[in-house]
Structures are given as structure tokens and as C-alpha cells.
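Structure first, commentary second.
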Amino acid sequence: STLLAVPAAKLAGAKVIVALTNFASTVQKALPRMSSLEQVIITNIGDCFPLMKAWMTHLILKYIYKKIPNWHIPQAVMFKQAMAKGNQHSFVEVPIANQDIAFLQYTSGSTGNPKGVMVSHGNLMANEAMIQKTVGVGEKDVIGSWLPPYHDMGLIGSILQSLYCGIPGVLMSPFHFLEKPLRWLK
């Protein structure tokens with residue numbers, strides 16, 4: 001959740017934070033306490049959609065469902081601007097060691113206090129290899145999931161597993177699954 005991610009970013013000494021417009025007002029409130037932060041990137045849910053669909057998604061979320069509170073972060077850069085700026089530079093490969101941190105994973109606190117876990121590249125790759133071997137994922141398989149990417153099984157067991165194995169991954173909205181679970185089998 002954003003309520004956990006913002007303080008955790010401060011503790012981790014984060015230099016960049018990327019947030020959905022839905023949570024930009026939370027980031028705005030936390031900025032005075034985040035002295036290490038050098039860049040804020042804000043993205044809309046529809047940023048990777050075709051133009052008309054992106055525009056409609058934003059309007060529906062902001063004005064009909066009222067899910068995007070007003071925010072003002074003068075130094076923020078919008079995701080598409082950041083991508084355009086990045087496309088002007090050539091790719092520079094960064095050496096990565098097994099012990100380097102791949103990402104921070106946060107628990108919801110449903111079984112205790114919320115916690116942050118540092119997941120290393122080595123841990124992640126060992127986990128992906130174990131999932132592939134245990135489940136028996138093959139080169140002709142397709143991974144399908146309705147779990148959201150912020151859930152560890154949605155990210156590690158579905159999205160990253162399909163990338164690790166080099167096979168297609170199909171994601172279904174959790175809402176569509178909950179509405180009619182049989183859709184998952186089609």
C-alpha cells in the first residue's frame with residue numbers, strides 16, 4: 001500500500017519514487033520528510049493504453065469514480081515524459097550480482113505488523129527456478145493469472161515466472177475473476 005511504501009522509501013534512502021496519480025496526493029504529503037528523493041515520476045493507469053482508451057480511463061477514474069485526488073508536485077515528471085527523455089539515451093548495462101537487491105516487497109500486515117523484505121537477485125532467480133521445476137513449466141506452456149501484480153504470487157509466480165521461462169503470460173483482472181470465476185478457465 002502507498003501508506004507503507006512512502007515511509008519505506010524514506011527509510012531505504014530512495015532517490016526516485018514512481019506513483020500512480022491515484023496516490024500522488026499521498027506522495028505530496030510525504031515529500032517534506034523525504035530528503036534523499038531526487039525525482040518523482042507520476043503515471044496514469046492508462047499511460048500504456050491507446051490514446052482514446054487512456055483518456056477515457058483517466059476521465060472515468062477522476063470524475064466518475066473520484067479515485068484521483070487533486071495533487072500538486074511542481075518537480076514531478078509524468079511517466080510518458082520520463083520515457084521520452086530516456087529514449088534519447090543509449091542503454092547502459094549495469095552489472096548485477098546475486099546479492100544485489102532486486103526489489104523491496106512489503107507485507108500487508110494481515111498476520112502481524114507490516115514488514116519490508118529485501119529480495120536479492122539471487123533469491124529471486126532461485127525462487128523462479130524452484131517454481132519452474134516444482135510446477136513443471138515447459139516451453140509450450142502459457143501462464144494465466146488473475147492475481148494482481150502487487151501480490152507476491154501475482155508478481156513472482158505469474159508475471160516474472162512467464163518472463164523467466166520465456167513463455168506467454170496472460171493476466172486477467174481480479175475483478176473479472178471475482179465477478180465470474182469460470183472466465184479464468186476459458
Side-chain angles (χ1 to χ4, degrees), residues 1-49 51 53-55 57-63 65-110 112-125 127-128 147-160 163 171 173-174:
S1 92
T2 306
L3 297 177
L4 289 173
V6 171
K10 179 184 177 192
L11 288 173
K15 296 184 184 292
V16 177
I17 190 165
V18 179
L20 284 168
T21 50
N22 310 48
F23 306 111
S25 63
T26 304
V27 172
Q28 178 184 337
K29 291 173 194 166
L31 279 176
R33 301 184 311 272
M34 299 179 72
S35 58
S36 67
L37 205 61
E38 296 174 9
Q39 185 67 62
V40 176
I41 299 173
I42 304 295
T43 183
N44 291 305
I45 286 177
D47 271 348
C48 294
F49 293 166
L51 182 62
K53 186 175 182 180
W55 183 73
T57 301
H58 182 74
L59 288 177
I60 289 168
L61 286 172
K62 182 160 180 74
Y63 298 107
Y65 290 117
K66 309 230 184 275
K67 295 290 184 185
I68 304 175
N70 291 328
W71 58 276
H72 179 70
I73 305 173
Q75 72 273 30
V77 174
M78 295 307 292
F79 175 75
K80 285 188 174 185
Q81 291 173 309
M83 293 300 289
K85 188 173 182 179
N87 284 337
Q88 296 171 2
H89 302 279
S90 58
F91 175 75
V92 177
E93 189 169 339
V94 177
I96 298 171
N98 280 340
Q99 68 273 13
D100 291 340
I101 303 301
F103 57 82
L104 300 175
Q105 182 176 6
Y106 294 93
T107 66
S108 66
S110 60
N113 291 328
K115 296 172 187 70
V117 177
M118 295 182 286
V119 179
S120 71
H121 288 280
N123 294 139
L124 183 59
M125 296 311 286
N127 195 1
E128 295 299 346
L147 293 169
Y150 56 80
H151 187 280
D152 61 345
M153 289 297 293
L155 176 63
I156 296 168
S158 299
I159 297 170
L160 296 180
L163 293 171
L171 301 177
S173 159

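Source: prediction; values computed, not measured.
Between Gln28 and His72, the shortest heavy-atom distance links the atoms OE1-N, 2.7 Å. Met118 and Leu104 make their closest contact through CG-CD2, 3.5 Å (heavy atoms, listed as atom of the first residue, atom of the second, distance). What you find for Phe49 and Lys53 is that their closest heavy atoms are CD1-CG, 3.8 Å. Scanning both residues, Pro149 and Leu155, for their nearest heavy atoms gives O-CB, 3.3 Å. Of all heavy-atom pairs between Trp71 and Ala76, the closest is CZ3-CB, 4.2 Å. Looking at every heavy atom in both residues, Gln75 comes nearest to Gln39 through O-NE2, 3.6 Å.
One distance of note links CG of Leu171 with CD1 of Ile159; it measures 5.0 Å at 0.5 Å rounding. Atom CG of Leu20 is separated from atom OG1 of Thr26 by 11.0 Å, given to the nearest 0.5 angstrom.
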inquiry  = What verdict does the side-chain contact (heavy atoms from CB on, under 4.5 Å) test give for His58 and Ile68, after you've listed the backbone C-alpha separation in whole Å, the side-chain angles of each residue and the deciding distance to 0.1 Å?
reply    = CA-CA 9 Å; His58 182 74; Ile68 304 175; 3.6 Å; yes
task = I would like to know whether Phe23 and Ile17 meet side-chain contact (heavy atoms from CB on, under 4.5 Å); could you show each step before the answer?
result = CA-CA 11 Å; Phe23 306 111; Ile17 190 165; over 6 Å; no
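Counting heavy atoms from C-beta on, the side chains of Asn44 and Thr57 never come closer than 4.5 Å. In this structure, the side chains of Leu31 and Val27 come closer than 4.5 Å at one or more pairs of heavy atoms. With contacts defined as side-chain heavy-atom distances shorter than 4.5 Å, the pair Met125/Leu160 does not qualify.
For Met78, the CE atom sits in a packed shell: over 12 heavy atoms of surrounding residues, nucleotides or ligands are nearer than 6.0 Å. Under a cut-off of 6.0 angstrom, the local environment of NZ in Lys80 is crowded, with over 12 non-hydrogen atoms contributed by other residues, nucleotides or ligands.
Applying the salt bridge (charged side-chain N to carboxylate O under 4.0 Å, His left out) rule to Glu38 yields the partners Lys15; only residues at least two apart in sequence or on another chain are considered.
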Only pairs under 3.5 Å count here: list side-chain donor-acceptor contacts from residues 85-102, not counting sequence neighbours, and write none if there are none.
unit_1 : atom_1 : unit_2 : atom_2 : d
Asn87  : ND2    : Met83  : O      : 3.3
Asp100 : OD2    : Ala97  : N      : 2.8

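Side-chain atoms of Lys62 do not come within 3.5 Å of backbone N or O of Leu59 as any donor-acceptor pair.
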